[in-house]
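Step one of this worksheet: look at the structure below.
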Amino acid sequence: MTSVVSKSRSALFTCLLLLLTCARINAQAPDIRVRIYSLQSVKQLTLSSLENISWKTCVTCRARSLATPLTVQANGNQLQYGNSKPSKLYLTGKYRIQIAGEHALESRYPLEVSAKDNVLVLILSMPMEDYVAAVLAGESGNFQSEEALKAMAVVARTYAARFRGRHKAENFDFCDTTHCQDLHLSAVTDRQRAAAEATEGELLWFQGSPAATYYHQNCGGTTAAASEVWPDVKANYLQVHTDPYCVRSEHARWESRISKADLQSALLKAGVQIPTGWQSLQVESHSRSGRVQLLNIIGRDGKLAMRLSASTLRFAAGRALGWNQIKSDFYELRISGDEVLFSGRGSGHGVGLCQEGADGMGKLGKNYHEILAFYFPGTVLGISAQGVDWHLLHSEQLDLLTTGANPSPELLNAAESALHKAQTVSGLQLTSHPLLKIYPTLAIYRDSTGEPGWVAANTRGNTIRLQPWELLQQKGVLESTLRHEFLHMLVEGNTHVSLPLWFREGLVLYLAQDLGKETTRRPISPTLSPQQMEAALRNPQSQQQMQQVYASARVTVASLVARWGKAEVMQWLGRSIPAGALASLSAAQAAQH
Ligand SMILES: [Zn+2]
Ligand SMILES: [Zn+2]
């Protein structure tokens, strides 16, 4: 009796794990949502199709193709094209965005367009490693050393893991400016992509959490402690230390002359009114690293008129006169007639990694581990807080990445057999060599993929990311999870972009069941219409709802197979579902009601 109970429990768990895996693949939750053109106040854009573009104005709406370019405007909080005023636009496929005064941008990341206060909001969903490569293009375009580029890839990724969702209230994770991390989507080079790939998933950890990996252009020879810039950031690894590697580079020293009148008007624009006829500007105090903290403004009468923080002065001058005027708070100053002469060091806030120093270290032959250890002392590099290394196991049919030095041959056998079964039952062939990445612990899997613990695996492109296999084996779901993920890979690799999600999901579940190893379920009639299933898959609400949707999708595909034959239904993958087949479905549904 006991064994029956535990068996049925484990079967239920299987089903939950599997079903929810699907939900997450479609929701693409781990992707980073980035707002592009955040600073440009875009009022109008033109979208044109480069390849298989499909667009719609609501999640449940029918996807359309794009024959001629579509020009969209912001109208209050609505979008407008022709006479239509939808609130959103969803786009997939490869497309070009044209905005007046900007270079055209080509992209294949899913795009969401909406409007707020007459400005268009464009949000891309990017896989983490693509995001990292685009940050390298934006922030480290002039790096010469490959190792420094790898160090920056880890820093950019860790920053993203640590601060993800900082624009959550606006419905995206990061903007594309230096407020978050600067992106340069159209300038990503193979070198930058290679640096992201070479360090895939690696983060810098401190006491079990991703570190706050700030960075700047040049520290001028001494880094700043985080607390100097952000008093509430407590991080032992962001301390003052000397940096011998950046002092000979371009931004190590700078000079600047700014007229008193320009400084006064720059401050006024920033809302700071200083007394007219002021005589002098003096440094009142320095931070621990030697950067200017407070400044005194001496009035006409030779007495202290007001006090100003160095950052207020730098931001005011930056916005009004350009950011190359006062590049850092690391300076000495003197008054000469009507001008203030600044003699400074470094560029940026000075906290964390010094980019020119990192490049200098790389050119001296230091590797990225050494570079990161120098700028973030006390942190641990790795895919987990323990700093684990990946090992690659290559076989004819697939590649396996694990953290164990001696991965079990059992695992490779299980993977190869699951792939073989998935190919046999579907009659489909893989379009690329799959990579199975198996995480050593549930916590690391969650941190690296962004998936909650109840999602057994996540598949994107040719990579399947899997929970610790021992864990899946204990639950008795290793084989079924692998088969399921391979079926997804096969189906997605052979699917026409316009095919609805419910069909893709339903087909995978149907084929998985066809393998005969799944729990046989009592036949049920589809409870949801294709439109209802599609809407739910686009926007999953609850575990319970997903179970219903998947059961319904599987049964719907099963009834299509019963009516048209499996060979015919498999053919639709590369084309579309014939209208007649869908009509037969709704007739059958109508008959039931
Ligand atoms: Zn931001
Ligand atoms: Zn430096």
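In this chain, residues are counted from 1 in sequence order. Each ligand, and each atom within it, is numbered from 1 in the order the structure gives.
- Using a 30° and 60° split on the angle between ring planes, Phe174 and Tyr159 fall in the tilted class, from 30° to 60°.
- Using modelled atom types, one finds no donor on one side chain facing an acceptor on the other under 3.5 Å when comparing Tyr81 with Gln44.
- The angle subtended at the Zn ion (ligand 1) by SG of Cys180 and NE2 of His167 is 100°, given to the nearest 10°.
- Nearest N, O or S atom of His179 to the Zn ion (ligand 1): atom ND1.
- Across Ser328, Ser311, Cys219, a single residue satisfies side chain to side chain contact (heavy atoms under 4.5 Å, CB included) together with Arg291, and that is Cys219.
- Aromatic ring pairs are classed by plane angle as parallel below 30°, tilted from 30° to 60° and perpendicular above 60°; the pair Phe172 and His167 is parallel.
- The N, O or S atom of Asp243 with the smallest distance to the Zn ion (ligand 2) is OD2.
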